[in-house]
Amino acid sequence: MKVVIRKLNGLWHLIVGSCQIRTPFLETQDRALVVNYARRAYPGAKIYQRD
């Protein structure tokens, strides 16, 4: 499984397949928080960042 982390409209989003999931983290917060969130939600997934 592949998870892409992206900043959009002031929030971090996770893109999993064709679904875009909004996270509770603001764009100004550290990316490491979002990575940990994605790893807990999708264990074993490969995580990428897209600008």
Side-chain angles (χ1 to χ4, degrees):
M1 180 185 298
K2 183 172 99 171
V3 176
V4 178
I5 297 173
R6 182 175 175 194
K7 292 180 186 179
L8 184 65
N9 296 333
L11 293 172
W12 287 98
H13 287 73
L14 302 179
I15 301 171
V16 182
S18 62
C19 298
Q20 184 170 317
I21 303 163
R22 186 179 67 195
T23 66
F25 302 107
L26 294 174
E27 177 178 281
T28 57
Q29 290 178 296
D30 192 29
R31 186 180 81 89
L33 291 172
V34 183
V35 170
N36 286 332
Y37 178 81
R39 286 200 172 126
R40 280 184 284 142
Y42 301 99
K46 293 182 181 182
I47 299 173
Y48 302 94
Q49 181 176 0
R50 183 167 54 177
D51 291 328

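Source: prediction; values computed, not measured.
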Side-chain donor-acceptor distances from residues 29-44 under 3.5 Å, at least two apart:
from: Q29; atom 1: OE1; to: L26; atom 2: N; distance (Å): 2.7
from: R31; atom 1: NE; to: Q49; atom 2: OE1; distance (Å): 3.0
from: N36; atom 1: ND2; to: A32; atom 2: O; distance (Å): 3.4

Next item on the list: Not counting sequence neighbours, which residues clear side chain to side chain contact (heavy atoms under 4.5 Å, CB included) with E27? List them please.
Entry: K7

Checklist line | Closest non-hydrogen atom pair, Q20 against I15 | finding: CG-CG1, 4.3 Å

Check: Rounded to the nearest 0.5 Å, how far does CD1 of I21 lie from NE2 of H13?
Finding: 10.0 Å

Checklist line | Spacing of CG belonging to L11 relative to CZ belonging to R22, to within rounding of 0.5 Å | finding: 6.5 Å

Next item on the list: Determine, using the 4.5 Å side-chain heavy-atom cutoff (strictly less than), whether Y48 and M1 are members of one ILVMFWY cluster.
Entry: no

Notebook entry, point to check: side-chain contact (heavy atoms from CB on, under 4.5 Å) between L14 and I5: does it pass, once the steps are laid out?
Noted result: CA-CA 5 Å; L14 302 179; I5 297 173; 3.8 Å; yes

